[in-house]
Amino acid sequence: MTWFFCFCFLFCLSGEFCIFIHYLSVLFPQDWNLTWHTENPDFTKCFQNTVLVWVPCIYLWVCFPIYFLYLRRHDRGYIQMSHLNKAKTALGLLLWIICWADLFYSFWERSQNVFRPPVFVISPTVLGITMLLATFLIQFERMKGVQSSGVMLIFWFTALLCATIIFRSKILHALKLVIDVFRYVTFYSYFVLVLIQLILSCFPERPPLFSETVNDSNPCPESSASFLSKITFWWITGLMIQGYRRPLEAKDLWSLNKDDTSGEVVQGLAKYWEKEQAIKMVYSPKKQTKSSNSNGDVTEEVEALIVKPSQRNSAPSLLKVLYKTFGPYFLMSFLFKACHDLMMFSGPEILKLLINFVNDKDAPNWQGYLYTGLLFACACLQTLILHQYFHICFVTGMRLKTAVIGAVYRKALVITNSARKTSTVGEIVNLMSVDAQRFMDLTTYINMIWSAPLQVILALYLLWQNLGPSVLAGVAVMILLVPVNAVMAMKTKTYQVAHMKSKDNRIKLMNEILNGIKVLKLYAWELAFKEKVLGIRQEELKVLKKSVALSTFAVYVLVDKNNVLDAQKAFVSLALFNILRFPLNILPMVISSMVQASVSLERLRLFLSHEELDPDSIIRGSIKDGSIIVKNATFSWSRNDPPSLNDINFTVPEGSLIAIVGQVGCGKSSLLSALLGEMDKREGYVAVKGSVAYVPQQAWIQNAALKDNIIFGREMKESQYKRVIEACALLPDIEILPSGDRTEIGEKGVNLSGGQKQRVSLARAVYCNTDVYLFDDPLSAVDAHVGKHIFDKVIGPKGILKNKTRILVTHGVSYLPLMDRIIVMTDGKISEMGSYQELLKQDGAFAEFLRTYANADQDVENGDANSPTVKEGKPMENGVLANEATGKPILSNSSTYSGETRKSLNQTSTTELQKAPAEKNAWKLTEADTAKTGRVKAIVYWEYMKSIGLLISFLSIFLFMCNHIAALASNYWLSLWTDDPVINGTQQHTHVRLGVYGALGMSQGIAVFGYSMAVSIGGIFASRHLHIDLLHNVLRSPMSFFERTPSGNLVNRFSKEIDTIDSVIPQIIKMFMGSLFNVIGACIIILLATPIAAIVIPPLGLVYFFVQRFYVATSRQLKRLESVSRSPVYSHFNETLLGVSVIRAFEEQTRFKLQSDLKVDENQKAYFPSIVANRWLAVRLECVGNCIVLFAALFAVIARHSLSPGLVGLSVSYSLQVTTYLNWLVRMTSELETNIVAVERVQEYSEMEKEAPWCIEQTAPPNSWPHEGQVEFRGYGLRYREDLDLVLKNINVTIKGGEKVGIVGRTGAGKSSLTLGLFRINESAEGEIIIDGVNVAKIGLHDLRFKITIIPQDPVLFSGSLRMNLDPFDKYSDEEIWTSLELAHLKNFVSSLPDKLNHECSEGGENLSVGQRQLVCLARALLRKSKILVLDEATAAVDLETDDLIQSTIRTQFEDCTVLTIAHRLNTIMDYERVIVLDKGEIVECDSPANLLQKKGIFYSMAKDSGLV
């Protein structure tokens, strides 16, 4: 605020100076001879004693009221008295005494009958009172915590400036010996004191007491910097030097200012948005009647407003909310911009005076120097104002982005499931990355909307004064262009919407590919999906091409307006035209930026207006009878869907154990979701007593240490933690992990097996110690004996949770007798309910179900009910196959848990749990996104040029040169023309001159059109090429790459970096080339006009170069740090979206919001210094540019007798342009270098290791291969990484064609590693695998993977039609697909769907139950019908009935195929021909099941654990 006064005042000083002088000359012609028409100018005595004394006083009194109010409202704390403050105060009082000494001296003179004019009384009085005011302000500022004051600094500066003029005058008079001793002494003292005050004002005070910066280890220096340091951005210099000496790291960055942190910014936006939504929603009458007291009334109402968005009458306006949140700060930028725009026109006006001066050979020399000084001062002021304006814009932009990300994150935590369907993960990530960025870009341009027309109008007004009516021709063209532009803007908007839509789809698909990459590799489907992504990308580029053609046309039309102008003597006009050109060139940019932002605004508004979950649908609190009560409740997944659960009634007494059973897809999991409030309650009453813990069917694991996953933000209690870990059978697992429980778990738990993930998820719930527990089939993912252990120790009647209320969804028959009550569900209704014995007596569907399935496992009636064997598979973990699939020491899904471990437990201390830190430091799996250091290598630019195509690259450079040569020539021609002699009032050769000038203008237009087209088309070629490369390289990477790389990094590459390459880089290249040639051209012209400038330009050029290099070192590194810190924001966001129901169940939303805010702040910590660095650089460089103006004008004044006015005009009008061009050039150089980093980051993946080739022509096996299906392992060994031990060693076994073989083994025995080796997901370390005589290591990966089929343990589906999920290559007919669905028992389900085979699966197949997804995977296998089938825990998430069907289908359909089954449920492989038992990576037993049982080896003991013997 203070700055604004200051700048306004300085602006008035310089800009109005000429007008002021003009009026003086009219009013006082005789004084004028003394002041102007003389070699030695001076002001009159009267003027000195009035105007020069009063100017600073008037300034301070005008500022005082506003400044006083401002300080009262912005209290920053109290500053203690310091020596600096005491000195300032003392000097202020001294000044007051001196002024009043003058006053009393005047009174004394009167008493001596010396009568002076009244001004001798008035001026000292006014000045004295002003000094008192200044002293008061010094103290008031201290009390309000102002460390450095701009208002006061400018006051002292003005006072000193006025005093200096009087000082010079007094010295001149003193030389003539006219002297008034007393007043001379007081004046000189006054002068010295004001000078000291000015110097003291330059230093900042100490920080206020209790300010945040005191406790901060690395505070931002801005708040404590002095005013001068702030306006010149000197306070960042420390960081720049540091960045120049060595690459910056994250720890070097300052903390954010409090006003810029997420905590402050997001709350503001959220508050206004809630108000806006509340205003726009119609009250719902039902709620209001409920409330009684007036206070409650309001809150009830507001709740009603937020909950019932369906009844709104008009959409809430996000624009209004943004305006309210950021408007006030932004208003400042508006004022700065207005000042700057007015000052821009002072340049041409002073230039006019300068040309007149050169023409008038009698004018005294000092006038020329005065104009030169004024030009320089104006230019410098303009620089300072402009960059304050930019700084405000960029900081506002940064806050806006923070606010948008925060608002989107908060909204994502509360939207309903139906809203989640409409806004995919891809779309939400785009809202955070691309759309938030669009807003940021707009803030810098938005003021151009009013500023550009203002500049145009002012320029036209001045041109009219210069040129008269001939300006109208130009104006006419411009007016005609306005509708053309409007049409283009509308078109661009439609293209923009389409572009964003394609982008969302592409990111969504990429997200799924990355989540399901393992399955893509196992099925060899990479190519099909690559085609899908490229198809969407093609659409995206088509739209881009259309908008490029539009913008190019716009540029051509705009540049060509110059050709309509008639040339009359005028470089002033040329300077004005140059001013005019900028707003006209930038308007299309602003318009397109606004179009993009309006599209983004609408998308964001839609997202923020989505329905939210109704927090009141479930009553949480104390209930009298029972722990959970559900009465006549009906639930659906969204308002428009038919109900999924009908007429649900049950009551759960406190502390009881309830089971929910039923077939696949009957609504068991939905019931738990309903209790959590995740579904839409249509009617009825639901109440849950106390806090809730939830274990989902698919464990959700965070990318954090194992321990943090379990503690989940609660406080650490040692004893409880140990108890939980033991009960959840995690101790053996923790022992195997590299850093014990501090081992970092990868994204989505990639380095844990399915069983481990489920146990961690369970441990999290148990540790949180809540009142109600909801378990969604957690025992299905673990081995039988581990399941039994967990049931006994945790869930069952004797477990840790025995006094809690527990609801368990299960397929495990053996647990049922122990339940207090069993709820049987069919088709979304409760069909039976009661205890185990009651249900058997009722002899209904449940009893029938039991009779069929209990015997399949073991005789439940034998009283052996306590040994659970029903092993159900591991649920899918978002597309990451969870098993020993990672190259890390891993445990598998079971955990050997014997009395021995239990004994040792009592002696285990937690230090052992965490492993001695010295021997194993916390082990990292995922690689954080890394920043490269140093300069961007030339090879990156070369790569980019190559991807554009070298022909287009060089062509566009050539066209650029043509354009600028034409421009220079036309201006030089103009200067020759203005120097043509005037004969009889006209110039000769006018037609020739005009013709050539017009021709040059035309050629310029054509060149511009050419290069715009070339660069834009080239940019599209480049981005297409780079995207294909990136996609190809990512898909060709081995599995280990995806385990190490967080998906956030990859999504970041595909969204942000590709967006930069699409739309940012081509624009920057155009501007960079443009400014480069402009600067060179300007220097050439200045050198032609005043060759003496050659002395100055090279040194200035050097200064410029050094400043720029110095800056780029820091700026580039900051940009990289910003890029790197952006990935965690997305990764965390992705993770939150996947686990949103868990976060809500545990009521941990606040903690996650805080985490997200911290990550955003980390990102902004790198962004903030980079924008300040930009300003730092611009101020420095513009000063270099201003020096060029100074010297061009100075040399013109010195050599004015030998120069023609035409050349002076040409050189000075060009030098005025130089600052703008230099500024742009540096901005564009650094923008180019910082944005080309996108190309560098996209290229990064091309150097990564790749997996073996997909197809090898020479060794491709025949089409009929494998004809028998014989698989032979010869001395086979496998390791995950070079530096790790062998996981499989010395495997020798031959499996005959058509043989059915089971593979079993305890934890970490290497079962899954065997399948990974067979599919060459990991390459062999020794030995070989032979299939039907072909060594699999010698053929292409696709040749191998197409011929073997796997039914993986995690059923992964992709969004798209069901048909696409079964057959992405479109190889099979509809009949074949229907047959395979029938065999997979899905035919009835699929034919009941409205779209049948074209039924759209949502992201990750969310709209099918896990069991149904498993059956879809079976159907895939039936379609491929290959000779070798591998089942990896394939019948995990299905009920026993369906499991039986699947097993019989496999027996009949794959009768003549080789089947390898990895099993934990031994009963599924008891009828197989052979069983291979693995232990510690070696085959220890291999025989038929019957023989193995007689041997009483490992297999026997496993069978015994499962209760089979």
Side-chain angles (χ1 to χ4, degrees), residues 699-714 716 718 721-722 724-764 766-767 781-782 786 874 877-878 880-897 901 904-905 908-928 1039-1048 1128 1131-1132 1135 1139 1155 1279-1285 1287 1307-1308 1310 1312-1313:
W700 172 71
I701 304 290
Q702 283 185 277
N703 182 359
L706 182 74
K707 190 173 185 174
D708 300 334
N709 263 301
I710 295 174
I711 294 174
F712 204 54
R714 311 289 157 113
M716 175 69 186
E718 219 34 81
Y721 178 67
K722 278 166 70 173
V724 169
I725 283 187
E726 190 222 352
C728 294
L730 279 167
L731 267 180
D733 302 328
I734 288 176
E735 279 170 18
I736 303 178
L737 287 171
S739 310
D741 60 1
R742 288 177 309 141
T743 307
E744 185 209 6
I745 309 301
E747 266 193 65
K748 309 190 194 94
V750 286
N751 49 336
L752 294 181
S753 66
Q756 288 164 338
K757 280 192 267 197
Q758 200 60 60
R759 293 202 298 274
V760 169
S761 176
L762 190 68
R764 173 195 300 152
V766 178
Y767 185 84
V782 293
V786 180
K874 302 173 286 175
E877 327 269 335
N878 307 308
V880 177
L881 256 164
N883 219 1
E884 299 102 298
T886 7
K888 314 304 171 304
I890 294 251
L891 2 166
S892 107
N893 314 322
S894 58
S895 187
T896 11
Y897 218 73
T901 20
S904 66
L905 184 75
T908 315
S909 68
T910 1
T911 43
E912 275 172 48
L913 258 186
Q914 294 175 345
K915 300 274 175 104
E919 92 190 68
K920 299 196 172 186
N921 1 6
W923 177 78
K924 293 286 287 173
L925 164 78
T926 48
E927 298 171 350
M1039 206 48 228
S1040 55
F1041 165 77
F1042 295 98
E1043 283 155 7
R1044 284 197 315 267
T1045 312
S1047 59
S1131 292
H1132 177 248
E1135 195 170 77
Q1155 276 184 7
R1279 61 163 57 98
Y1280 284 120
R1281 278 207 319 245
E1282 294 302 312
D1283 49 345
L1284 295 176
D1285 298 337
V1287 203
T1307 298
S1312 288
S1313 308

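This structure is a prediction, so every number in the text was calculated from the model and none was measured.
- Although no hydrogens or angles enter the test, the distance criterion places no donor-acceptor pair under 3.5 Å between the side chain of Asp741 and the main chain of Leu706.
- Scanning both residues, Ala763 and Leu730, for their nearest heavy atoms gives CB-CD1, 3.8 Å.
- Checked against ring-ring contact (aromatic ring centres under 6.0 Å, His included), Tyr767 has no partners two or more places apart in sequence or in another chain.
- The two residues Cys728 and Val766 have their closest heavy-atom pair at SG-CG2, 4.3 Å.
- Distance CZ/Arg764 to CD/Gln702: 6.5 Å, rounded to 0.5 Å.
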Exercise. Go through the steps for Arg714 and Tyr721 under the test side chain to side chain contact (heavy atoms under 4.5 Å, CB included), then give the verdict.
Key: CA-CA 11 Å; Arg714 311 289 157 113; Tyr721 178 67; over 6 Å; no
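- Once rounded to the nearest 0.5 Å, the distance linking CD1 of Ile745 with CG of Asn709 reads 6.5 Å.
- When all heavy atoms of Asp733 and Ala729 are compared, the pair lying nearest together is OD2-O, 3.4 Å.
- The NZ atom of Lys707 lies 8.0 Å from the CD1 atom of Ile725; values are rounded to the nearest 0.5 Å.
- Considering every non-hydrogen atom in both Ala705 and Arg742, the closest pair reads CB-O, 3.8 Å.
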